[in-house]
Amino acid sequence: MTHLEKFHDVPVLVCAAEGAAIGGERDALDLIGDAGYQGAQWVVVPAERFADDFFQLRTRVAGYVVQKFAQYGVGLVVLGDISRHLAASSALEDFVRESNGGRQLWFLRDREQLAERLRG
């Protein structure tokens with residue numbers, strides 16, 4: 001289940017914590033299509049909705065998913081605690097740090113942090 005919210009006039013498609021795991025390009029395209037239909041610029045997905053492969057960079061799942069979002073000009077936010085994944089991979093730590101410096105993919109703790117990032 002998804003719903004559209006606005007954060008500082010930015011339309012954001014927010015996904016529920018319950019639901020099928022996001023595990024690849026097809027899942028990304030479904031979310032992108034929903035975002036486009038609802039006029040969202042960003043899609044927020046709770047971290048627990050991602051398959052573990054997403055956080056294991058050697059699988060390239062994250063790359064495929066993020067590439068689809070970039071191709072369609074929709075931002076992706078992974079929202080929630082990913083500390084167990086970060087503890088297992090210094091490469092993931094670097095990826096998160098670099099992603100959070102950009103405007104395409106953010107890994108954020110909570111909705112407050114999301115609102116702050118979208119403020120300006």
Side-chain angles (χ1 to χ4, degrees):
M1 170 159 233
T2 62
H3 66 278
L4 189 68
E5 290 186 36
K6 286 200 175 185
F7 291 82
H8 306 288
D9 292 326
V10 177
V12 176
L13 184 69
V14 179
C15 298
E18 303 79 31
I22 310 300
E25 291 178 74
R26 180 119 185 115
D27 302 319
L29 288 171
D30 289 344
L31 289 173
I32 292 163
D34 197 6
Y37 177 75
Q38 295 194 42
Q41 295 175 10
W42 286 86
V43 175
V44 174
V45 181
E48 60 266 25
R49 288 282 303 274
F50 287 94
D52 282 346
D53 285 353
F54 180 85
F55 299 102
Q56 297 167 3
L57 298 182
R58 71 182 180 280
T59 67
R60 299 184 179 173
V61 171
Y64 296 138
V65 169
V66 173
Q67 181 181 18
K68 287 298 176 195
F69 275 87
Q71 284 175 336
Y72 288 91
V74 178
L76 175 62
V77 175
V78 178
L79 191 70
D81 181 13
I82 62 166
S83 58
R84 75 178 175 94
H85 299 291
L86 292 171
S89 171
S90 61
L92 181 61
E93 286 181 32
D94 294 339
F95 180 68
V96 167
R97 186 174 30 262
E98 289 176 24
S99 297
N100 283 346
R103 294 280 310 155
Q104 182 59 50
L105 171 65
W106 294 337
F107 292 84
L108 304 175
R109 290 183 311 274
D110 52 40
R111 293 171 58 90
E112 291 76 23
Q113 194 177 24
L114 172 63
E116 182 65 30
R117 293 292 295 269
L118 291 175
R119 180 173 298 173

**Asked** Does Arg117 come within less than 4.0 Å of Glu112, counting only side-chain N to carboxylate O?
**Response** no
**Message:** Please say yes or no: joined through hydrophobic side-chain contacts below 4.5 Å, possibly via intermediate residues, are Ile82 and Leu108 part of one cluster?
**Reply:** no
**Message:** Keeping Ser89 on the side-chain end and Leu86 on the backbone end, is there a donor-acceptor pair under 3.5 Å?
**Reply:** no
**Asked** Distance from Leu114 atom CG to His8 atom NE2, nearest 0.5 Å?
**Response** 8.5 Å
**Message:** Looking at every non-hydrogen atom in both residues, tell me the closest pair between Arg109 and Leu79 and how far apart they are.
**Reply:** C-CD1, 4.1 Å
**Message:** I want to check something: taking the side chain as every heavy atom from C-beta on, are Arg49 and Cys15 in contact at a cut-off of under 4.5 Å?
**Reply:** yes
**Prompt:** Is the side chain of Gln56 donor-acceptor paired with the backbone N or O of Leu92 at a distance under 3.5 Å, no angle test?
**Reply:** no
**Taking every non-hydrogen atom, the tightest pair across Gly102 and Trp106** = O-NE1, 2.7 Å
**Message:** Do the side chains of Asp9 and Arg119 get close enough for a salt bridge, i.e. N-O under 4.0 angstrom?
**Reply:** no
**Where Leu57 and Ala62 come nearest, the two heavy atoms and their spacing** = CD2-CB, 4.2 Å
**Asked** Hey, mind stepping through Glu116 and Arg111 against salt bridge (Lys or Arg N to Asp or Glu O under 4.0 Å) and telling me if it holds?
**Response** CA-CA 9 Å; Glu116 182 65 30; Arg111 293 171 58 90; over 6 Å; no
**Message:** To the nearest 0.5 Å, what is the distance between CG on Asp27 and NZ on Lys68?
**Reply:** 12.5 Å
**Asked** Out of curiosity, Glu25 CD to Ile32 CD1, how far, rounded to the nearest 0.5 Å?
**Response** 9.5 Å
**Message:** Less than 4.0 angstrom from a charged side-chain N to a carboxylate O is my criterion; do Arg97 and Asp94 meet it?
**Reply:** yes
**Asked** Within the distance-only criterion (no hydrogens, no angle test), does the side chain of Thr2 pair as donor or acceptor with the backbone N or O of Val14 below 3.5 angstrom?
**Response** no
**Path from Val77 to Val66 over hydrophobic side-chain contacts below 4.5 Å** = no
**Message:** Using side-chain heavy atoms (C-beta onward) and a distance below 4.5 Å, is Leu118 in contact with Val12?
**Reply:** yes
**Message:** Just so I know, are the side chains of Leu76 and Val65 near enough to count as touching, which here means a heavy-atom distance under 4.5 Å?
**Reply:** yes
Show me, pair by pair, the donor-acceptor contacts under 3.5 angstrom made by side chains of residues 38-47, not counting sequence neighbours?
residue, atom, partner, partner atom, Å
Gln38, NE2, Asp34, OD1, 2.9

**Request:** For residues Ile22 and Leu31, determine if any side-chain heavy atom of one lies less than 4.5 Å from a side-chain heavy atom of the other.
**Result:** yes
**Message:** Test: ring pair (Phe, Tyr, Trp, His ring centres under 6.0 Å). Region: residues 63-89. Which pairs qualify, not counting sequence neighbours?
**Reply:** Phe55-His85
**Message:** Please check: side-chain N/O of Asn100 versus main-chain N/O of Phe107, any donor-acceptor pairing under 3.5 Å?
**Reply:** yes
**Request:** Please check if Val78 and Leu29 belong to a single hydrophobic cluster, counting links between Ile, Leu, Val, Met, Phe, Trp and Tyr side chain heavy atoms closer than 4.5 Å.
**Result:** yes
